[in-house]
Amino acid sequence: MSDRLEITFAPLNADPETVTVVFAGDGLALGTRAREFDTKSASALSKAAAAADFKGKYKSSIEILAPAKIGVDRLILSGIGKISTLTEQQAVELGGAVLAAIQGRKSNEASVIVDVEGSETLSADEIAALIAQGAMLRHYNFKKYLTKKSNDEGQEKDGLKKLTIQVPHPDKAKAAFQPLKAVANGVNFARDLVNEPANILGPVELAEKTKALEKLGVDVEILDVKDMEKLGMGSLLAVGQGSERQSRLAVMVWNGAKGNKKQKPICFVGKGVVFDTGGISIKPAAGMEDMKGDMGGAAAVIGTMHALAERKANVNAVGLIGCVENMPSGNATRPGDIVTSMSGQTIEVINTDAEGRLVLADVLWYAQEQFKPKLVIDLATLTGAIMVALGKEYAGLFSNEDKLADELLAASRLTGEKMWRMPLDKAFDKMMDSKNADMKNAGGRWAGAATAAAFLQRFIQKDTPWSHIDLAGTAMDGSRNDINTSWGAGWGVRLLNAFVAEYHEKGEK
Ligand code: BES
Ligand code: MN
Ligand code: ZN
């Protein structure tokens with residue numbers, strides 16, 4: 001991760017020294033501390049606000065030349081809108097917007113004064129913690145390979161390093177921030193993985209990245225090619241065999257369920273194709289560099305496990321990622337080849353570019369055999385077709401169980417990571433039948449995202465609640481927003497964390 005942002009919480013009476021943000025509500029209701037500044041500086045704040053037609057609208061902000069008596073360089077008034085109904089997600093996004101306003105100042109340090117009324121459900125300290133999370137997410141950038149201070153793309157290497165947040169009760173804010181920080185760390189970890197180029201992050205390296213979770217109490221096991229051969233993972237191994245770099249399967253186990261150690265785990269399965277050339281069915285050159293992000297599903301799984309473990313989630317969860325590179329070579333799988341998956345089912349490889357499903361087939365099967373999970377969720381940058389259907393704003397959700405789908409959709413609404421439910425249907429399943437094997441790996445021109453899901457479902461055992469999330473449009477180069485300016489979005493980590501927190505922790509809801 002490039003430049004980290006150090007966030008600390010301080011009491012309200014500490015005098016800020018650098019760029020300072022204070023909040024104003026709808027209709028320009030100045031927060032207590034802002035009012036205090038206003039008195040000190042003979043209404044300079046309200047005058048400046050009126051001159052700029054600033055009304056304290058949510059996410060709006062103005063910068064004010066600091067009146068002499070306040071003793072800070074710059075003052076930013078930031079709108080918090082109607083605070084009584086402020087939601088958690090809105091507070092997080094506000095944090096992102098506030099950070100952006102601060103970054104406009106090119107200062108290394110800043111203070112944010114959260115001296116506001118609480119909302120109906122959140123105290124000022126909790127709002128401050130959410131703002132801090134938003135700031136952490138917004139602050140993320142991927143500049144580790146920039147060797148100059150700035151470049152023509154407008155990238156600046158040095159920026160804000162330290163953010164002090166003044167709140168009524170620093171200890172309470174700090175405690176509220178702990179789990180939020182864990183989640184932001186998980187998101188930023190995932191972003192780093194997606195942004196990292198494939199020459200640095202091969203399948204072995206991607207698998208090794210999971211070892212970073214051991215210090216958080218996660219048990220990590222990495223299966224190599226021999227292990228996978230013994231298990232009969234002919235489908236996954238067929239994808240990686242054209243690459244000089246060996247395939248791996250990484251398994252992360254978090255046993256956090258208190259009281260009930262035997263609780264069946266939730267399994268998260270991720271597609272970890274570190275680079276997808278298409279193999280022998282090679283992709284066109286234009287835009288192929290984006291296929292370094294074809295491990296966005298795996299990144300979301302690692303990031304989620306990171307978040308759950310760091311915040312010591314009261315749940316048993318397992319993350320499994322199939323790490324391969326899809327390359328053409330003299331040893332690559334050919335169109336027409338027939339492979340045998342761990343499930344025993346045979347697959348005719350019609351198109352070597354439909355490789356993600358071949359990887360997932362074996363990892364999904366292994367997850368069910370090994371862990372007898374309560375439910376399975378896979379995440380994969382699986383099809384271009386999902387982007388044709390839903391664009392870069394929505395991921396596609398497929399599920400064989402309405403309850404699971406509804407929980408995921410509800411979590412998605414909470415975090416603003418949008419999903420749209422797509423159909424599983426016998427008709428799509430039929431399109432995957434093959435003359436020469438139990439199935440083929442590509443279903444033809446129509447309904448490409450749905451036929452891919454139908455293929456995956458053939459590796460889901462009866463009675464396993466399962467969801468498949470196709471994040472090809474959202475994992476990388478998706479729409480940028482207040483809390484993400486990065487190409488690798490870390491999409492899904494917050495959503496899956498919310499799914500666990502809301503529905504699978506501290507007893508069932
Ligand atoms: N990794 C791609 C899907 C993808 C494309 C993700 C663009 C992100 C951006 C996947 O492996 C793939 O190539 N899918 C094919 C399947 C087809 C050959 C049946 C596709 O969608 O074209
Ligand atoms: Mn492909
Ligand atoms: Zn792919």
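Just follow the structure's listing: the first ligand is 1, and inside any ligand the first atom is 1.
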Any donor-acceptor N or O pair under 3.5 Å, side chains Arg191, Asn188: yes
Residue pair Tyr140 / Asp192, side-chain donor-acceptor N/O under 3.5 Å: yes
Neighbour count above 12 (heavy atom, 6.0 Å) for Lys264 NZ: no
Within 6.0 Å of CD in Glu88, more than 12 heavy atoms from elsewhere: no
Ligand 1-proximal atoms of Leu382, by part, heavy-atom distance under 4.0 Å: backbone
Glu355 atom OE2 and Asp294 atom OD2 as seen from the Zn ion (ligand 3), angle to 10 degrees: 100°
Give me the nearest non-hydrogen protein atom to [atom] as residue plus atom name, then the distance to 0.1 Å.
{"atom": "atom 18 (C) of ligand 1", "answer": "Asn351 ND2, 3.4 Å"}
{"atom": "atom 2 (C) of ligand 1", "answer": "Asp276 OD2, 3.6 Å"}
{"atom": "atom 9 (C) of ligand 1", "answer": "Met387 CE, 3.1 Å"}
{"atom": "atom 16 (C) of ligand 1", "answer": "Arg357 NH2, 3.7 Å"}

Sidechain N-carboxylate O distance under 4.0 Å for Glu407, Lys403: yes
Closest Asp276 atom to the Zn ion (ligand 3) [N, O or S only]: OD2
Non-hydrogen atoms of Gly240 and Ser247 that approach each other most closely: CA-OG, 3.5 Å
Ala442 N/O under 3.5 Å from ligand 1 N/O: no
Side chain proximity check, His504 to Lys374, heavy atoms < 4.5 angstrom: yes
Val273, Val388, Asp353, Ile386: member with heavy atom nearest to atom 12 (C) of ligand 1: Asp353
Met291 backbone acceptor or donor facing Asp294 side chain under 3.5 Å: no
Which atoms from ligand 1 have a heavy atom of [X] less than 4.0 Å away?
{"X": "Met291", "answer": "1 (N), 5 (C), 6 (C), 7 (C), 8 (C), 9 (C)"}
{"X": "Gly384", "answer": "3 (C), 20 (C), 21 (O)"}
{"X": "Ala472", "answer": "6 (C), 8 (C)"}
{"X": "Lys271", "answer": "1 (N), 10 (C), 11 (O)"}
{"X": "Thr381", "answer": "1 (N), 2 (C), 3 (C), 6 (C)"}
{"X": "Glu355", "answer": "11 (O)"}

Side chain to side chain contact (heavy atoms under 4.5 Å, CB included) between His468 and Leu382, worked out: CA-CA 10 Å; His468 157 58; Leu382 203 62; 3.5 Å; yes
Aromatic ring pairing Phe142/Tyr145, orientation class (parallel under 30°, perpendicular over 60°, tilted between): perpendicular
Which N, O or S atom of Glu355 lies nearest to the Mn ion (ligand 2), by name: OE1
Atom nearest to the Mn ion (ligand 2) - Asp276, N, O or S atoms considered: OD2
Salt bridge (Lys or Arg N to Asp or Glu O under 4.0 Å) evaluation trace for Glu214 with Lys211: CA-CA 5 Å; Glu214 283 178 335; Lys211 290 249 174 85; 5.7 Å; no
